[in-house]
There are 2 protein chains.
Amino acid sequence: MAKQKTDQKADLLQGTLDMLILKAVSLGPLHGYGIIQRIRQISGEMLEVEQGSLYPALYRIEQRGWVSSQWEKGETGRRVKLYTLTKVGRAQLEVEEASWDRLALAIAKVRQAT
Amino acid sequence: MAKQKTDQKADLLQGTLDMLILKAVSLGPLHGYGIIQRIRQISGEMLEVEQGSLYPALYRIEQRGWVSSQWEKGETGRRVKLYTLTKVGRAQLEVEEASWDRLALAIAKVRQAT
DNA sequence: TTCCATACCTTGACATCCTAGGCAACCTCC
DNA sequence: GGAGGTTGCCTAGGATGTCAAGGTATGGAA
């Protein structure tokens with residue numbers, strides 16, 4: 001299906017996946033497969049989340065109460081598991097974004113060092 | 001001793017440690033304990049690498065040929081294990097920096113999504 | 001002499017991610 | 001009507017990397 005991905009295996013860093021998922025779901029309820037597509041889309045085709053990474057992560061995230069899920073009939077008539085961001089999840093997203101900002105800033109400083 | 005660390009568990013993301021170490025050593029040969037200090041310093045006290053993370057990482061990095069080591073007499077008269085960046089290591093540093101840039105760019109895009 | 005900082009290292013637990021599968025429903029095209 | 005592709009869910013197993021916690025030793029300061 002033409003994955004290609006600019007030949008560079010950009011692989012996510014451990015810990016960033018949760019933030020990406022929360023962000024994707026924050027744009028509106030979504031099912032698992034759709035999350036992968038949305039992340040790919042909003043990252044400009046740069047990030048490709050594997051199913052084997054996503055589903056365990058979703059389970060984990062739901063356990064922590066950051067998202068809630070319910071089975072629904074999708075637009076195509078098929079049953080899909082819709083995930084919705086909870087209030088706690090929205091707060092967590094902000095925490096993770098702040099944490100990322102701090103790290104990115106720190107790394108930037110290190111990069112400048114001579 | 002005053003560690004403090006702004007109470008925020010800034011914890012590194014898996015995968016960034018190698019880059020930090022390579023960068024630290026790229027500024028001049030250094031021993032393990034000194035690497036921790038240099039990273040703390042050039043990150044503006046934002047990054048605190050644990051010894052339990054550093055030494056395994058150093059071993060790993062040396063096995064891959066990115067640094068070489070030799071025992072020397074430190075300034076204080078004590079024996080220290082000095083690590084030096086190799087040519088391969090310098091190339092690897094560039095690879096990791098480029099990889100970080102890609103990821104940071106992708107994350108930034110995701111952050112902007114509405 | 002007691003304590004702290006420096007300096008090395010290991011062990012074991014833990015979380016997260018990826019590879020590689022499996023299952024099923026739906027669609028299109030031949 | 002059958003084949004194959006896409007959507008959609010999931011799991012098992014292994015690899016990796018990090019951390020918490022400990023151990024050892026030297027040297028200087030109090």
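Protein chains get the first letters and strands the later ones, always in sequence-line order, with residue 1 at the start of each.
Separating the CD1 atom of A:I35 from the C1' atom of D:dC10 is a distance of 14 Å, rounded to the nearest angstrom. Taking atom CG of A:L30 as the reference point, atom C1' of D:dG8 lies 12 Å away to the nearest angstrom. Atom CG in B:L58 sits about 11 Å away from atom P in C:dT10, given to the nearest Å. Put simply, CD on A:Q51 is 16 Å from P on D:dA12, counting in whole angstrom units. Taking atom CZ on A:R79 and atom C1' on D:dC10, their separation rounds to 14 Å, with Å as the unit. In this structure, CG of A:L54 is placed 16 Å from C1' of C:dA20, rounded to the nearest angstrom. Rounded to an integer number of Å, the gap from B:Y55 OH to C:dT11 C1' is 16 Å. B:E72 has its CD atom 14 Å from the P atom of C:dA7, to the nearest Å.
Taking every heavy atom of both residues into account, A:V88 and A:G65 meet most closely at CB-O, 3.9 Å.
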Practice problem: For B:E72 and B:R79, run salt bridge (charged side-chain N to carboxylate O under 4.0 Å, His left out): C-alpha distance rounded to whole Å, both residues' side-chain angles, the deciding distance at 0.1 Å, then the answer. | Solution: CA-CA 6 Å; B:E72 300 234 344; B:R79 278 166 58 78; over 6 Å; no
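Closest contact between the side chain of B:R78 and the listed nucleotides C:dC9, D:dC10, C:dA5 involves C:dA5. Comparing D:dT7, C:dA7, D:dC9 by their nearest atom to the side chain of A:Q37 picks out D:dT7.
Looking at residues two or more places apart in sequence or on another chain, you find a side chain to side chain contact (heavy atoms under 4.5 Å, CB included) between B:R64 and B:D18, B:R60, B:W66.
The CG atom of B:L105 lies 12.0 Å from the CH2 atom of B:W100; values are rounded to the nearest 0.5 Å.
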What does the list of N/O pairs under 3.5 Å between the protein and nucleotides 16-19 of chain D look like, with a distance for each?
residue, atom, partner, partner atom, Å
D:dG17, O4', B:Q14, NE2, 2.8
D:dT18, OP1, B:G15, N, 3.1
D:dT18, OP2, B:R60, NH2, 2.9
D:dC19, OP1, B:D11, OD1, 3.4
D:dC19, OP2, B:S53, OG, 2.3
D:dC19, N4, B:G52, O, 3.4

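Sequence neighbours left out, not one pair with a member in residues 21-41 of chain A passes ring-ring contact (aromatic ring centres under 6.0 Å, His included).
For the 3.5 Å distance criterion, the side chains of B:Q92 and B:E96 qualify, holding a donor opposite an acceptor.
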